[in-house]
**Q** 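Pasting in a structure now, in structure tokens, and then I'll have a few things to ask.
For clarity, every value in this text was computed on a predicted model and none was experimentally measured. Protein chains get the first letters and strands the later ones, always in sequence-line order, with residue 1 at the start of each.
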Amino acid sequence: MAEPKQNPLMEKIVSLCKRRGFVFQSSEIYGGINGFWDYGPLGAELKRNVKELWWNTMTRSRDDVAGLEATIIMAPEIWKASGHVATFSDPMIDCKTCKGRFRADQISEIPCPQKPSKCVGECHGEKTEARAFNLMFQTYVGPVQDDSAIAYLRPETAQAIFAQFKNVLETSRQKVPFGIAQVGKAFRNEVTPRNFTFRSREFEQMELEFFIKPDEVIEAIYGTVAVRTPNSQLLSPQPNWGWQAWHHYWVEERVRFYEGIGLSRETLGFHHQTPAELAHYARACTDILFKFPFSKKDADGNVTGDELEGIAARSDFDLSQHQRFSGKPMGVFDEELRAAWAKLPKEKQDDLWKRYYDHRKNYLTKSAKPDETPEQISLQATEDANGLAKGQYIPHVIEPSAGVDRLILALIANAYSEVTKTDDKGKSETTVVMKFHPRVAPIKVGVFPLLKNKPELVAKAQAVYELLRPHLKAVYDDGGSIGKRYARQDEAGTPFCVTIDFDTLGEKPELLDTVTIRHRDDGKQERLNISELLDFLLSKIRG
RNA sequence: GCGGGCGUAGUUCAAUGGUAGAACGGCAGUCUUCCAAACUGCACACGAGGGUUCGAUUCCCUUCGCCCGCUCCA
């Protein structure tokens, strides 16, 4: 009666997550709630490690990124400016006959999929009533639940960064180019949560908005914009980088991050969005994919993977939107630009002015509110271009936006491996080893006495455990046999296990105060002095 | 949201219109001088609600959840 195994590996991973305490279904005792997942003891450690590594990599180890922690509920105008209210609230009609779903305002234009000679509104399929599809979670601020109190749980963390751009700029002593990073929860009322935690309704994002000068500004100051050549590595940022170089740089930075936590390039995939896929304001978007067990094959039979992170070049769209909707200036003043502009030959000034004008006019036209006339738009674009000559511009942005939960799932899938051992009697047994990179492993070290019923061993093992635990996540285990404890830690993905034996106590005097340290992935042991233990572990975990 | 499949200990699986079993795992203990040893004991399940029935985990309905396909994917 068992259901057919559609994806045995994925099912084993889900089962392990429950069994060992990586991931539980939310509200499980009440039957669960679709699209929501909890992290158990091991998952919580794993997730914390990943977020901390991202934060350290993206902010603390860089001079040019500042952090932010904004609220989940913000002024609803934010989501009007970002476009989320408009794009999320189209009334939709389902056809029960052909299973199609159509925008209610387009049923008299779209041809029926089954009878293309007729439009959806005319065909005989049985239709549902028009229903509003808003993928943002709604709530009310304050006790009165009327329309004026409607607010939304943020569908992405990014907008808070744009909304607080000027405050961060003024308080962080940063200047463009610089970034603002944030880690936090976001909520989307997904139509179909799928693939375990991959698409959840409540999830966590790690987002960087990296603000850069428009190419026209780079050109005004440095004469030319540095162009990416096939061989250029673009490893360290240069003042004359334009958006392409920065975009390429951040893709590489992010790939290096994934490699640094154990996801090799072979496990990753890339998708460069085509012009048709790109939002109208975006210039490029590169998705970094991971080849999940549930990832599908493309037309050529290759697994490309599913999205972990998108690195988008979003032009100056976001800050421009918030400038228009809030009425507050979102531009920056650049002394260098003003000084450089004055020294430019007239033709160059005119050329840059025209290009900036065209860009602004294009944006303003596409984002125009219904009551804005072409004349007003031209006037605003002229004003914007004139600002350039005075050293003013709206920064462009490169947005590396990663999903924490997707990354956790990728790390779990990547770590999962099975080892089959056959004993002397020919009995074989398969065990699971979670090969997490030591940097992300939920537990860094297990400490065991070789035998439980020898008080000297137990006391010494507990002393070693107390020595390590202030510095890293350690566990003490004296249950069962030593082999069982190793196996337990293998399933948790603990990279190192330390065992206190009789030599530690001085049975061989030359080995007094040494312990065995056992490596998860090959089972090999080495002997270390207790005094060297902490440094050894820290070097493996931080190195 | 539509269609299909499926819900039994923590996990993997049995059985049954008449009070649910196993293995592994967990906990406690004995033992054990390095890779899930052995032994003893303990705890733990029919997703929820309603209906049919003398009696439902089993049959029916609803609901919730999981998987697959469609749809959606800012």
**Q** Tell me the interatomic distance from A/N7, atom CG, to B/rC6, atom C1', rounded to whole angstroms.
**A**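 Rounding to the nearest Å, CG of A/N7 and C1' of B/rC6 are 16 Å apart.
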**Q** Taking atom types as they are modelled, is there a donor-acceptor pair under 3.5 Å from the base of B/rC35 to the side chain of A/R485?
**A**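 No pair found.
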**Q** Name the pairs: protein N/O against N/O of nucleotides 26-28 of chain B, kept only if under 3.5 Å.
**A**
from, atom 1, to, atom 2, distance (Å)
B/rG26, OP1, A/R488, NE, 2.6
B/rG26, OP1, A/R488, NH2, 3.1
B/rG26, OP2, A/K484, NZ, 3.4

**Q** For residues 407-416 of chain A, dump all side-chain donor-acceptor pairs below 3.5 Å to protein atoms at least two apart in sequence or in another chain.
**A**
from, atom 1, to, atom 2, distance (Å)
A/Y416, OH, A/E418, OE2, 2.8

**Q** Which part of the nucleic acid does A/I33 contact within heavy-atom distance under 4.0 Å: base, sugar-phosphate only, or nothing?
**A** sugar-phosphate
**Q** List the atom pairs, donor and acceptor, that lie under 3.5 Å between side-chain atoms in residues 153-163 of chain A and the rest of the protein, sequence neighbours left out.
**A**
from, atom 1, to, atom 2, distance (Å)
A/R154, NE, A/K185, O, 2.6
A/R154, NH1, A/A70, O, 3.3
A/R154, NH1, A/T71, O, 3.1
A/R154, NH2, A/K185, O, 3.0
A/E156, OE2, A/Q159, NE2, 2.9
A/T157, OG1, A/E207, OE1, 2.4
A/Q159, OE1, A/H322, NE2, 2.7

**Q** Return the set of residues passing side-chain contact (heavy atoms from CB on, under 4.5 Å) with A/P495 (not counting sequence neighbours), or none when no residue passes.
**A** A/P438, A/A441, A/R520
**Q** Quick one: list whatever passes ring-ring contact (aromatic ring centres under 6.0 Å, His included) with A/Y39, sequence neighbours left out.
**A**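 A/Y39 satisfies ring-ring contact (aromatic ring centres under 6.0 Å, His included) with no other residue.
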**Q** Which dot-bracket string fits RNA chain B when only Watson-Crick or G-U wobble pairs with both atom distances under 3.5 Å count, crossing pairs get [ ], and | stands for a partner on a different strand?
**A** (((((((..((((....[..)))).(((((.......)))))....(((((..]....))))))))))))....
**Q** Can you list every side-chain hydrogen bond (donor to acceptor under 3.5 Å, both in side chains) pair that touches residues 446-460 of chain A, not counting sequence neighbours?
**A** A/K460-A/D513
**Q** Taking salt bridge (charged side-chain N to carboxylate O under 4.0 Å, His left out) as the cut-off, I'd like each qualifying pair that reaches into residues 488-506 of chain A, sequence neighbours left out, listed once.
**A** A/R19-A/E491, A/R20-A/E491, A/D477-A/R488, A/D490-A/R518, A/D501-A/R527, A/D503-A/K508
**Q** Could you check whether the side chain of A/R199 and the base of B/rC72 have a donor-acceptor pair of N or O atoms closer than 3.5 Å, going by distance alone?
**A** yes
**Q** With sequence neighbours left out, write down each residue that passes side-chain hydrogen bond (donor to acceptor under 3.5 Å, both in side chains) with A/S295, or none if nothing qualifies.
**A** A/D306
**Q** Taking any heavy-atom pair under 4.0 Å as a contact, classify A/R20: base, sugar-phosphate, or nothing.
**A** nothing
**Q** Would you indicate what A/K524 reaches in the nucleic acid, counting non-hydrogen atoms under 4.0 angstrom: base, sugar-phosphate, or nothing?
**A** nothing
**Q** Round to the nearest Å and state the distance from A/D490 atom CG to B/rC34 atom P.
**A** 18 Å
**Q** Considering only atom C1', compute the distance from B/rA37 to B/rU30 and round it to an integer number of Å.
**A** 14 Å
**Q** From B/rC34, B/rG65, B/rC35, pick the nucleotide closest to the side chain of A/Q25?
**A** B/rG65
**Q** Specify the separation, in whole Å, of atom CZ of A/R188 and atom C1' of B/rC72.
**A** 12 Å
**Q** Sugar-phosphate atoms are those with a prime plus P, OP1 and OP2; base atoms are the rest. Using that split, label each nucleotide of nucleotides 39-49 of chain B B, S or - for protein heavy atoms under 4.0 Å, 5' to 3'.
**A** -----------
**Q** Report yes if a side-chain nitrogen or oxygen of A/K18 is closer than 4.0 Å to either non-bridging phosphate oxygen (OP1 or OP2) of B/rU11; otherwise report no.
**A**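 Indeed, a polar side-chain atom of A/K18 lies that close.
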**Q** What do you reckon, are the aromatic ring centroids of A/H396 and A/F211 less than 6.0 Å apart?
**A** no
**Q** Need one value for A/F198: base, sugar-phosphate or nothing, where a base atom within 4.0 Å counts as base even if backbone is also close, heavy atoms only.
**A**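 Since no nucleic acid heavy atom lies under 4.0 Å of A/F198, the category is nothing.
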**Q** Would you mind reading off the distance between A/R201 atom CZ and B/rC64 atom P, rounded to a whole angstrom?
**A**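 My rounded result for the distance is 11 Å.
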**Q** Would you please confirm or rule out a distance under 4.0 Å between OP1 or OP2 of B/rC66 and any side-chain N or O of A/N34?
**A** yes
**Q** Not counting sequence neighbours, list each pair that qualifies as a salt bridge (charged side-chain N to carboxylate O under 4.0 Å, His left out) and has a residue in residues 26-35 of chain A.
**A** A/K18-A/E28
**Q** Find the distance A/F196:CZ to B/rG65:C1' and express it as a whole number of Å.
**A**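 Interatomic distance, CZ of A/F196 to C1' of B/rG65: 14 Å.
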**Q** From CG of A/L42 over to P of B/rG10, roughly how many Å is that when rounded to an integer?
**A** 18 Å
**Q** Looking at the base of B/rC73, is there any donor atom on it, or on the side chain of A/E190, that sits under 3.5 Å from an acceptor on the other one?
**A**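 Check fails, no donor-acceptor contact within cut-off.
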**Q** Just how far is it from atom CD1 of A/I212 to atom CH2 of A/W243, taken to the nearest 0.5 Å?
**A** 9.0 Å
**Q** If you take atom types as modelled and just measure distance, does the side chain of A/T516 reach the base of B/rC34 with a donor-acceptor pair under 3.5 Å?
**A** yes
**Q** May I have the distance from A/N189 (atom CG) to B/rC73 (atom C1'), rounded to whole angstrom?
**A**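 For the pair A/N189 CG and B/rC73 C1', the rounded distance is 13 Å.
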**Q** Could you tell me whether the phosphate oxygens of B/rC68, OP1 or OP2, come under 4.0 Å of any side-chain nitrogen or oxygen in A/N195?
**A**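 Answer yes for this pair, as a side-chain N or O of A/N195 is under 4.0 Å from OP1 or OP2.
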**Q** Kindly say if A/T192 contacts the phosphate of B/rU71, meaning a side-chain N or O under 4.0 Å from OP1 or OP2.
**A**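 For A/T192, the contact criterion (side-chain N or O under 4.0 Å from OP1 or OP2 of B/rU71) is not met.
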**Q** Among B/rC68, B/rA36, B/rC34, find the nucleotide with the atom closest to the side chain of A/R194.
**A**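 Nearest to the side chain of A/R194 among the choices is B/rC68.
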**Q** Under the side-chain contact (heavy atoms from CB on, under 4.5 Å) rule, collect the residues that match up with A/Q273, sequence neighbours excluded.
**A** A/H271, A/E277, A/L278, A/C285, A/D287
**Q** Taking the six-membered ring of A/F325 as reference, does the cationic atom of A/K369 (NZ for Lys, CZ for Arg) lie under 6.0 Å from its centre and within 45° of its axis?
**A** yes
**Q** Quiz question: by atom type and distance under 3.5 Å, do the side chains of A/Y281 and A/Q321 form a donor-acceptor pair?
**A**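 No donor-acceptor contact under 3.5 Å links the two side chains.
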**Q** So, does A/N453 get its side chain near the phosphate of B/rU30, meaning an N or O under 4.0 Å from OP1 or OP2?
**A**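 Looking at the OP1 and OP2 atoms of B/rU30, neither is under 4.0 Å from any side-chain N or O of A/N453.
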**Q** Please report the distance, rounded to the nearest Å, between CE in A/M10 and P in B/rC66.
**A** 13 Å
